[in-house]
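What follows is a single structure, written as structure tokens, with notes after it.
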Amino acid sequence: MLDVNHIYCGDSRILLKEIEPDSIALSFWSPPYFLGKDYEQGISYEQWQSMLKEVITLHYNILRPGGFMVINIADILAFQDESMPRIQADNPANKKCSVTREMVLEAKRLHPDYNRDQLAEHLHCSEQTVDRRLNGNNIRGGRHSVGTHVKLVGGNLEQYAYDAGLFLYDKRIWVKDPAWANSKWTTSTLKAVSETEDLYVFWKPGSYTVNRNRLSPAEWKEWGLRQVWNIPSVRANDIHQAMFPIELAYRVIKLYTDEDDIVLDPFMGSGTTALAAIEANRQYLGIELMEQYAELACKRVKEMNCAPKLAFG
Ligand SMILES: C[S@@+](CC[C@H](N)C(=O)[O-])C[C@H]1O[C@@H](n2cnc3c(N)ncnc32)[C@H](O)[C@@H]1O
């Protein structure tokens with residue numbers, strides 16, 4: 001069985017089977033979004049869906065009765081489907097931003113401590129341009145190529161969970177900061193820029209405690225009772241490509257668990273959930289496929305003066 005307060009390097013589809021049954025109070029995670037990030041290479045849409053289904057199904061056994069699984073994910077706003085017509089129009093006023101990848105790299109070399117926001121200000125362009133030049137990301141949530149239509153993901157997650165015996169209990173919306181604030185009008189679609197993500201809250205049937213003292217009256221008022229959470233996204237994604245902010249994890253952990261409860265993240269990435277769990281005096285358990293990220297997560301936990309052990313599964 002996996003030990004708590006450890007981060008394991010391995011595939012969740014295998015390692016989740018080694019977690020003590022009925023032990024997890026909360027599993028909070030953000031899986032790959034199928035947006036073409038490095039850690040998603042070589043995976044088809046069908047394989048991605050079946051991975052999500054398998055991970056969700058495995059949660060039934062390990063969540064304690066009355067426990068929660070909270071998934072942070074976004075719809076795919078620019079799903080790449082070569083068989084679909086390309087919904088794109090002529091834009092006579094289209095002016096391409098003149099900042100090149102080389103210019104961004106040079107600015108990074110001269111100012112290694114600058115985050116994306118500062119680089120954008122320095123280069124007089126938007127943060128999205130910086131991100132796109134460095135990572136090839138499209139501001140509508142996908143790679144910069146033929147993104148034809150929107151793919152909703154929540155309905156599939158709900159079905160996978162329902163089939164596994166878990167019920168959709170609540171949904172919250174994370175509104176990110178206006179990273180497009182300096183954007184020039186260079187778009188050639190009529191689509192919105194991606195600025196929200198979803199939190200799907202699933203519940204394993206069983207009694208649970210509604211402990212009003214988990215949050216202060218001010219916290220209840222400001223976000224505990226609110227469906228929309230305004231939290232700035234992580235600007236500098238130089239250590240991991242898709243970190244969520246620690247405040248997001250902290251809110252979820254405070255809301256759905258009590259002190260000493262075990263909080264799992266089967267897509268641990270850079271270790272944000274573990275850091276938030278430690279901050280909130282909860283125990284953590286993490287699983288991450290890529291060794292470099294599992295090591296990074298351990299390092300960040302160690303920096304919080306704990307003694308995590310990296311284990312391989
Ligand atoms: C969206 S990121 C999570 C980022 C994390 N929330 C953070 O703040 O750093 C998804 C992570 O899941 C990892 N991953 C992908 N497939 C996995 C699998 N089958 N088992 C475990 N981890 C996986 C990826 O390597 C990536 O680090």
Side-chain angles (χ1 to χ4, degrees), residues 30 32-41 72-82 84 86-151 153 173-198 230-248 269-270 272 293 296:
S30 179
Y33 287 17
F34 201 69
L35 296 179
K37 304 262 181 199
D38 286 352
Y39 52 74
E40 298 172 342
Q41 295 311 312
N72 162 226
I73 200 163
D75 292 325
I76 306 170
L77 297 189
F79 187 73
Q80 289 167 32
D81 185 344
E82 301 293 339
M84 285 283 293
R86 190 173 175 151
I87 310 167
Q88 216 159 28
D90 283 342
N91 178 357
N94 194 5
K95 289 192 196 72
K96 278 215 153 35
C97 175
S98 57
V99 172
T100 62
R101 181 177 158 80
E102 288 64 37
M103 288 161 74
V104 178
L105 290 174
E106 177 62 7
K108 263 176 83 81
R109 195 183 62 74
L110 292 173
H111 306 283
D113 51 328
Y114 273 17
N115 63 25
R116 209 167 59 192
D117 184 32
Q118 291 165 316
L119 284 172
E121 205 177 317
H122 176 75
L123 291 162
H124 305 291
C125 66
S126 69
E127 280 184 58
Q128 302 297 345
T129 298
V130 172
D131 191 41
R132 213 181 306 158
R133 297 296 183 266
L134 289 175
N135 303 316
N137 290 331
N138 181 310
I139 51 174
R140 282 159 204 88
R143 284 266 151 186
H144 207 56
S145 60
V146 192
T148 49
H149 58 102
V150 175
K151 258 298 187 219
V153 299
I173 295 163
W174 167 29
V175 178
K176 301 182 275 187
D177 50 325
W180 64 94
N182 302 321
S183 269
K184 294 202 183 101
W185 177 252
T186 58
T187 180
S188 51
T189 87
L190 299 175
K191 289 177 165 198
V193 174
S194 165
E195 57 185 323
T196 66
E197 297 198 5
D198 297 307
N230 289 288
I231 304 175
S233 52
V234 177
R235 290 284 175 85
N237 55 1
D238 42 356
I239 53 171
H240 188 284
Q241 285 184 44
M243 294 159 71
F244 50 46
I246 191 160
E247 189 179 344
L248 188 75
S270 64
T272 312
Y293 293 147
L296 171 66

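Heavy atoms only: backbone and side chains are in, while hydrogens, waters and symmetry mates are out. Just so it is clear, the model here is predicted, and its values are computed rather than measured.
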Tell me whether E127 contacts the main-chain N or O of A120 through its side chain, where contact means a donor paired with an acceptor under 3.5 Å.
no
Side-chain (H111) to main-chain (D113) donor-acceptor, under 3.5 angstrom:
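It does not hold such a pair.
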Nearest heavy atoms of [X] and [Y], plus distance in Å:
| X | Y | value |
| --- | --- | --- |
| S194 | K176 | OG-NZ, 4.2 Å |
| A74 | E197 | CB-CG, 4.0 Å |
| T129 | V99 | CG2-CB, 4.3 Å |
| I239 | L296 | O-CD2, 3.5 Å |
| L35 | E40 | N-OE1, 2.8 Å |
| N72 | W174 | ND2-CE3, 3.9 Å |

What distance do [X] atom [atom1] and [Y] atom [atom2] have between them, rounded to the nearest 0.5 Å?
| X | Y | atom1 | atom2 | value |
| --- | --- | --- | --- | --- |
| H122 | M103 | NE2 | CE | 9.0 Å |
| L119 | R133 | CG | CZ | 13.5 Å |
| L110 | L105 | CG | CG | 11.0 Å |
| Y33 | I76 | OH | CD1 | 11.0 Å |
| K108 | N115 | NZ | CG | 10.0 Å |
| R116 | S126 | CZ | OG | 9.5 Å |

Would you say D198 and D75 make side-chain contact, with heavy atoms under 4.5 Å?
yes
Could you tell me which residues satisfy side chain to side chain donor-acceptor pair (under 3.5 Å) with Q118, sequence neighbours excluded, listed by chain and number?
none
